[in-house]
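The analysis underlying the following values was restricted to heavy atoms, covering all of them including side chains, and did not include hydrogens, waters or symmetry mates.
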Amino acid sequence: MLKRISALVLAGLTAMSMTACGSGGGGGGGGGGGSITMGFSQVGAESGWRTANTKSVQDSAKTAGITLKFSDAQQKQENQIKAIRSYIQQKVDVIAFSPVVESGWDTVLKEAKDAKIPVILTDRAVDSKDTSLYKTFLGSDFVEEGKKAGQWLVNEYKDAKDPVNIVELQGTTGSAPANDRKSGFQEVIGADPKFKIIASQTGDFTRAKGKEVMEAFLKSNPDIDVLYAHNDDMGLGAIEAIEGAGKVPGKDIKIITVDAVKDGMQALADGKINFIVECSPLLGPQLMDLAKKVVKGEQVPPRVVTEETTFTQEQAKQVLSSRQY
């Protein structure tokens, strides 16, 4: 909690220091040194990670003195496009959003550009070839997360001679984390033919869907050695399915997940998950810092990567009590 408070205070101080310098502006009244209004379109509330991400954005906006207009897209791209168009009509100073999927944004982003409203991508990227449609992308390196998951698996089974049968719970189809976590993982394990992904299906990043898909995996594939879930929530749902099938998660089936939310970390500490790759949702302070800069017309890096780590069972036990989300 102390770390989080410090980060929010720092974001507030940074915002205050920036108000005294710079010029130029966005689409509304914030560019001249007054208050800034941000339109923010969130993917939804599909997981513990997303809930923590939303809270970080809302708390950090308040600390930074930024007026936040917030919308929940409920995991539908059309809802996000409507929200962005609404923000353009309202002449907000800056638009930030976490895209539900990677494709199909060029038209609405061009509308924002024509209205001279800067756009910041958070958490997830878009696949637009015209990078002038947004100012920066703040978030994790999802390919690297997949590689970290794959590297743990390679190390864990380095002496194994028999095939290693893997099932994969993918995130939302077409989303950047699902695409990239899959490709990064495949890149690492693909060098060794003993690693075989015998089933791969979306679980939509939700616990309920993770359980449902894992139940189907278990019925159609009796010999599963490893589960790779693109987030903790799907992994936690899968644990329920594994236990329901009379197997021991973490032993009979090794489990790798991504996120490191508190429930996932507890399962890791309890030995039900074997390895977690961290993906921090606490992007709010960095987002507000970037918003202040782009509204003033300052240059920002086109890509801002968040710093993250990985956790084993012992490491989870050490840090569990201090987890902020």
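For the pair K196 (side chain) and P193 (backbone), a donor-acceptor distance under 3.5 Å is present. The backbone N or O of N231 lies less than 3.5 Å from no partner atom in the side chain of R181, so there is not a single donor-acceptor pair. Q80 contributes a side-chain N or O that, together with a main-chain N or O of S98, makes up a donor-acceptor pair within less than 3.5 Å. The backbone N or O of A241 lies less than 3.5 Å from no partner atom in the side chain of E215, so there is not a single donor-acceptor pair. Judged by distance alone, the side chain of T54 and the main-chain N or O of R50 form a donor-acceptor pair under 3.5 Å.
Judged by distance alone, the side chains of E308 and S140 do bring a donor and an acceptor atom under 3.5 Å apart. Using a 3.5 Å distance cut-off with no hydrogens or angles, the side chains of E314 and T312 do not pair a donor with an acceptor. Residues E102 and N179 have side chains that bring a donor and an acceptor to within less than 3.5 angstrom of each other.
Heavy-atom contacts from other residues, nucleotides or ligands closer than 6.0 Å to NZ of K194 number more than 12. The environment of NZ in K135 is sparse: at most 12 heavy-atom neighbours from other residues, nucleotides or ligands sit within 6.0 Å. More than 12 heavy atoms of other residues, nucleotides or ligands lie within 6.0 Å of NZ in K317, so this atom counts as buried by the packing criterion. More than 12 heavy atoms of other residues, nucleotides or ligands sit less than 6.0 Å from atom CD of E78.
Minimum heavy-atom separation, S71 to Y87: OG-OH, 3.2 Å. Contact between K262 and L320 at its shortest, heavy atoms only, is CE-O, 3.5 Å. Closest heavy-atom contact between P99 and V126: CG-CG1, 3.7 Å. Pairing each heavy atom of V143 with each of S183, the nearest pair is CG2-OG, 4.1 Å. In terms of heavy-atom proximity, D93 sits nearest to V295 at O-CG2, 3.8 Å. The minimum heavy-atom distance between S56 and G284, with the atom names listed, is OG-N, 2.9 Å.
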Query raised in the report: Going through the checks in order, is the side chain to side chain contact (heavy atoms under 4.5 Å, CB included) test met by L109 and K113?
Result: CA-CA 6 Å; L109 291 183; K113 183 181 178 181; over 6 Å; no
Report task. Could you walk me through whether E168 and H230 pass side chain to side chain donor-acceptor pair (under 3.5 Å), step by step? Result -> CA-CA 8 Å; E168 180 180 32; H230 288 190; 2.9 Å; yes
Query - side chain to side chain contact (heavy atoms under 4.5 Å, CB included) assessment of R207 paired with E240 - result: CA-CA 9 Å; R207 197 172 300 198; E240 294 180 38; 4.1 Å; yes
Query raised in the report: Given the rule in the side chain to side chain contact (heavy atoms under 4.5 Å, CB included) test, do I120 and T136 qualify, once you have shown the distances and angles that lead to the verdict?
Result: CA-CA 5 Å; I120 299 172; T136 185; 3.8 Å; yes
Report task. Carefully, step by step, assess K76 and V100 under the rule side chain to side chain contact (heavy atoms under 4.5 Å, CB included). Result -> CA-CA 7 Å; K76 294 180 180 178; V100 174; 6.0 Å; no
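Of the candidates F311, W152, Y228, F275 forms a ring pair (Phe, Tyr, Trp, His ring centres under 6.0 Å) with just one, namely W152. Between Q42 and the options N53, T122, T51, D123, a side-chain hydrogen bond (donor to acceptor under 3.5 Å, both in side chains) holds for only N53.
By the 4.5 Å heavy-atom criterion applied to side chains, D127 and W105 are not counted as neighbours. With contacts defined as side-chain heavy-atom distances shorter than 4.5 Å, the pair I255/K272 does not qualify.
Residues F97 and F137 share a single hydrophobic cluster, defined by chaining ILVMFWY side chains whose heavy atoms lie under 4.5 Å apart.
From M214, atom CE reaches atom NZ of K209 across 15.0 Å, with rounding to the nearest 0.5 Å. One finds the CG atom of L282 at 4.0 Å from the OG atom of S280 (value rounded to the nearest 0.5 Å). Note that CD1 of I166 and CD1 of I256 are 7.5 Å apart. Values are rounded to the nearest 0.5 Å.
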